[in-house]
Asker: 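Just dropping this structure here.
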Amino acid sequence: MPINNLLIDFDHTLLNTPQIKYEWAAALEKCGVPEQIFWRTYPLARYGETGKASYNPRRHVEFLKVNLNCPMEEAMEAIESVIKRTGEFLFPGAKTFLSRMMSLNVPLTLIMHGEKEYQQEKVENSGIADYFTTLHYSDKDRLEIVKELKLDPSHKIFWLSHKLEDMVKVKKTYPFITPIIKRRSDVPLVHYRETGFLNFENFDEMQDYLTIIQATSY
C-alpha cells in the first residue's frame with residue numbers, strides 16, 4: 001500500500017526555529033534591547049497570562065518597548081525583515097526532501113503549532129507551502145491534532161517530528177501512525193533506541209527510506 005499521508009511538523013523539524021529567534025535577538029539589540037533581556041522576556045511573550053504556548057515576535061516587541069532606543073515602527077520593521085527571510089532558515093535538505101516526496105506522489109500535511117496568523121506568515125515566506133496537500137494550524141497537542149485531522153486508521157500514515165515524547169503518546173493512542181523522528185543533538189541516542197521508532201539524523205536519510213517504502217508499494 002502506498003503512503004496515504006505524511007504529516008510533517010514545521011517548527012524544529014523543517015525549520016531551524018532557534019536560529020530565527022537568534023536573528024530577532026540580534027535585530028532588536030540594534031534597537032537597544034540587550035540580548036539577555038530578549039531571552040529573559042521570551043517566556044512571558046510566548047506564554048502570556050494563559051500559560052499556553054503561542055508566540056508572536058510582534059507581541060514580544062510590545063513587552064520590550066521600554067528598552068527600545070528607536071521608534072516602535074522601526075523595531076517592528078526589524079522583526080518583519082527576519083520573517084521575510086524564513087526560507088533561509090529551513091534545515092539543509094528540507095526542500096529537496098519535500099520535492100522528492102511530491103515527485104513520488106506522497107500526500108503531505110504540514111503541522112503548525114501556535115498563533116495561526118504568524119505561522120501563516122512563516123510558511124508563506126518559507127517557500128514550501130505548495131509542496132503540501134494540507135496546511136493544518138492548531139494550538140492543541142498532537143493527540144488532539146490527530147482528532148482534528150480525522151485520519152483513516154486503514155491508511156498508511158507516517159508522522160515526521162522532532163518531538164520524541166509526544167510521538168510515544170501518539171503511537172500508543174493511534175497505533176496506525178508510524179512516527180519518524182528527526183534526531184536532536186541534545187537528546188541521548190539511547191532514548192531513540194529505546195522507543196524503537198525510525199529515527200534519522202538528516203533529510204537525505206529520511207528521503208532514501210521513504211523513497212524505498214513508496215516505490216515498492218505499487
Asker: Answer yes if Tyr192 and Phe91 sit in the same cluster of Ile, Leu, Val, Met, Phe, Trp and Tyr residues linked by side chain heavy atoms under 4.5 Å apart, and no otherwise.
Answerer: no

Asker: Between the side chain of Lys156 and the main-chain N/O of Met1, is any donor-acceptor distance below 3.5 Å?
Answerer: yes

Asker: Indicate yes or no for a side-chain donor-acceptor contact from Gln214 to the backbone of Leu104 under 3.5 Å, with no hydrogens or angles considered.
Answerer: yes

Asker: For Asp9, run the side-chain hydrogen bond (donor to acceptor under 3.5 Å, both in side chains) check against Lys182, Arg142, Lys163 and tell me which one passes.
Answerer: Arg142

Asker: Taking the side chain as every heavy atom from C-beta outward, state whether Phe38 and Asn67 have any pair of such atoms under 4.5 Å apart.
Answerer: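 No, too far: nothing below the 4.5 Å cut-off.
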
Asker: Supply the atom-to-atom distance Asn5 CG to Asp152 CG, rounded to the nearest 0.5 angstrom.
Answerer: 10.5 Å

Asker: Indicate yes or no: does Lys147 engage Glu144 in a salt bridge with an N to O separation below 4.0 Å.
Answerer: yes

Asker: What is the ring orientation for Tyr209 with Phe200, classed by angle as parallel under 30°, tilted 30 to 60°, or perpendicular over 60°?
Answerer: tilted

Asker: State plainly whether the residues Lys169 and Asp141 are in salt-bridge range, i.e. N to O under 4.0 Å.
Answerer: no

Asker: Any side-chain heavy atom of Val33 sitting closer than 4.5 Å to one from Thr41?
Answerer: no

Asker: May I have the step-by-step check of side chain to side chain contact (heavy atoms under 4.5 Å, CB included) for Ile213 and Phe158, ending in yes or no?
Answerer: CA-CA 11 Å; Ile213 292 293; Phe158 292 84; 4.3 Å; yes

Asker: Is the gap between the ring centers of Trp24 and Tyr55 under 6.0 Å?
Answerer: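 Yes, ring centres under 6.0 Å apart.
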
Asker: Do the ring planes of Phe63 and His60 sit parallel (below 30°), tilted (30 to 60°) or perpendicular (above 60°)?
Answerer: perpendicular

Asker: Please test Glu80 against Glu121 for side chain to side chain contact (heavy atoms under 4.5 Å, CB included), starting from the C-alpha separation and ending with a verdict.
Answerer: CA-CA 10 Å; Glu80 297 288 348; Glu121 281 189 277; 4.0 Å; yes

Asker: Is the count of non-hydrogen atoms from other residues, nucleotides or ligands lying under 6.0 Å from Tyr137 atom OH greater than 12?
Answerer: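 Count over threshold, so yes.
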
Asker: Is the backbone N or O of Asn125 less than 3.5 Å from a side-chain atom of Lys84, with the two atoms forming a donor-acceptor pair by type?
Answerer: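 Judged by distance alone, no pair lies under 3.5 Å.
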
Asker: Under a single-linkage definition using a 4.5 Å side-chain heavy-atom cutoff for Ile, Leu, Val, Met, Phe, Trp and Tyr, are Phe97 and Ile3 assigned to the same hydrophobic cluster?
Answerer: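 Phe97 and Ile3: one cluster.
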
Asker: For residues Ile83 and Pro57, report the shortest heavy-atom separation together with the two atoms involved.
Answerer: CD1-CG, 4.2 Å

Asker: Between Leu143 and Tyr174, is any pair of side-chain heavy atoms under 4.5 Å apart?
Answerer: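 Yes - at least one pair of side-chain heavy atoms lies under 4.5 Å apart.
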
Asker: Ignoring hydrogens, what is the shortest heavy-atom contact between Ala27 and Ala78? Give both atom names and the distance.
Answerer: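 Looking at all heavy atoms of both residues, the closest pair is CB-CB, 4.0 Å.
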
Asker: Under the rule for side-chain contact (heavy atoms from CB on, under 4.5 Å), what residues qualify as partners of Val168, not counting sequence neighbours?
Answerer: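 side-chain contact (heavy atoms from CB on, under 4.5 Å) list for Val168, sorted by chain: Thr195, Phe197.
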
Asker: Quick check: closest heavy atoms across Ala25 and Trp39, and the distance to 0.1 Å?
Answerer: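 Scanning both residues completely, I find the closest heavy atoms to be CB-NE1, 4.2 Å.
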
Asker: How long is the span from the CD atom in Glu23 to the CG atom in Leu28, to the nearest 0.5 Å?
Answerer: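 Nearest 0.5 Å value for the CD-CG distance: 11.5 Å.
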
Asker: Same cluster or not: Ile157 versus Val146, using hydrophobic residues (I, L, V, M, F, W, Y) connected whenever any side-chain heavy atoms lie under 4.5 Å apart?
Answerer: yes

Asker: Would you say that more than 12 heavy atoms from the other residues, nucleotides or ligands in this model lie under 6.0 Å from the CD of Gln36, or not?
Answerer: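 Count over threshold, so yes.
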
Asker: How long is the straight-line distance from CE of Met167 back to CG of Leu198, given to the nearest 0.5 Å?
Answerer: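 Going from the CG atom of Leu198 to the CE atom of Met167 covers 13.0 Å.
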
Asker: Inspect the surroundings of CG in Asp130 and state if more than 12 heavy atoms from other residues, nucleotides or ligands are less than 6.0 Å away.
Answerer: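 Count not over threshold, so no.
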
Asker: Rounded to the nearest 0.5 Å, what's the gap from CG on Leu15 to CD1 on Ile128? Could you check?
Answerer: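 Reported to 0.5 Å precision, the distance equals 7.5 Å.
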
Asker: Is any side-chain heavy atom of His136 closer than 4.5 Å to a side-chain heavy atom of Leu7?
Answerer: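 The answer is no; the side chains never approach within 4.5 Å.
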
Asker: Does Thr86 offer a backbone N or O that forms a donor-acceptor pair with the side chain of Ser126 under 3.5 Å?
Answerer: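 The answer is no, because no donor-acceptor pair under 3.5 Å joins these two groups.
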
Asker: Let me check something: do Val187 and Ile180 share a hydrophobic cluster, defined by ILVMFWY side-chain heavy atoms less than 4.5 Å apart, either directly or through other members?
Answerer: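 Shared cluster, no.
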
Asker: Closest approach of Val61 and Met72, non-hydrogen atoms and distance?
Answerer: CG1-SD, 3.3 Å

Asker: Would you indicate whether the side-chain heavy atoms of Glu62 and Arg58 approach each other to under 4.5 Å?
Answerer: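 No, their side chains stay 4.5 Å or more apart.
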
Asker: Does the pair Arg183 and Leu189 meet the rule for a side chain to side chain contact (heavy atoms under 4.5 Å, CB included), with working shown?
Answerer: CA-CA 8 Å; Arg183 292 201 297 262; Leu189 290 175; 3.8 Å; yes

Asker: Enter the distance from Trp159:CH2 to Thr109:OG1 here, rounded to the nearest 0.5 Å.
Answerer: 10.0 Å

Asker: Donor-acceptor check, side chain of Ser99 to backbone of Lys95, threshold 3.5 angstrom: yes or no?
Answerer: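 Flag not set: sc Ser99 to bb Lys95 has no pair under 3.5 Å.
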
Asker: Where the side chain of Gln119 meets the backbone of His113, is there a donor-acceptor pair that is under 3.5 Å apart?
Answerer: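 Pair found, side chain donor or acceptor close to backbone of His113.
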
Asker: Do Val106 and Leu210 have side-chain heavy atoms sitting under 4.5 Å apart?
Answerer: no

Asker: Which pair of heavy atoms, one from Lys122 and one from Asp11, lies closest together, and at what distance?
Answerer: NZ-OD1, 2.6 Å

Asker: Verify side chain to side chain contact (heavy atoms under 4.5 Å, CB included) between Leu135 and Phe10, making sure each step is shown before the conclusion.
Answerer: CA-CA 10 Å; Leu135 302 176; Phe10 184 44; over 6 Å; no

Asker: Looking at every non-hydrogen atom in both residues, tell me the closest pair between Pro107 and Asn4 and how far apart they are.
Answerer: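 Scanning both residues completely, I find the closest heavy atoms to be CG-O, 3.2 Å.
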
Asker: For the residue pair Phe132 and Leu98, establish whether any side-chain heavy-atom pair is separated by less than 4.5 Å.
Answerer: yes

Asker: So, taking the atom named CG in Leu90 and the one named OG1 in Thr13, what distance separates them when rounded to the nearest 0.5 Å?
Answerer: 12.0 Å

Asker: Given the rule that I, L, V, M, F, W and Y join up when any side-chain heavy atoms are under 4.5 Å apart, are Tyr42 and Leu44 in one cluster?
Answerer: no

Asker: With a 4.5 Å limit on heavy-atom distance, are the side chains of His12 and Pro18 in contact?
Answerer: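 In contact.
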
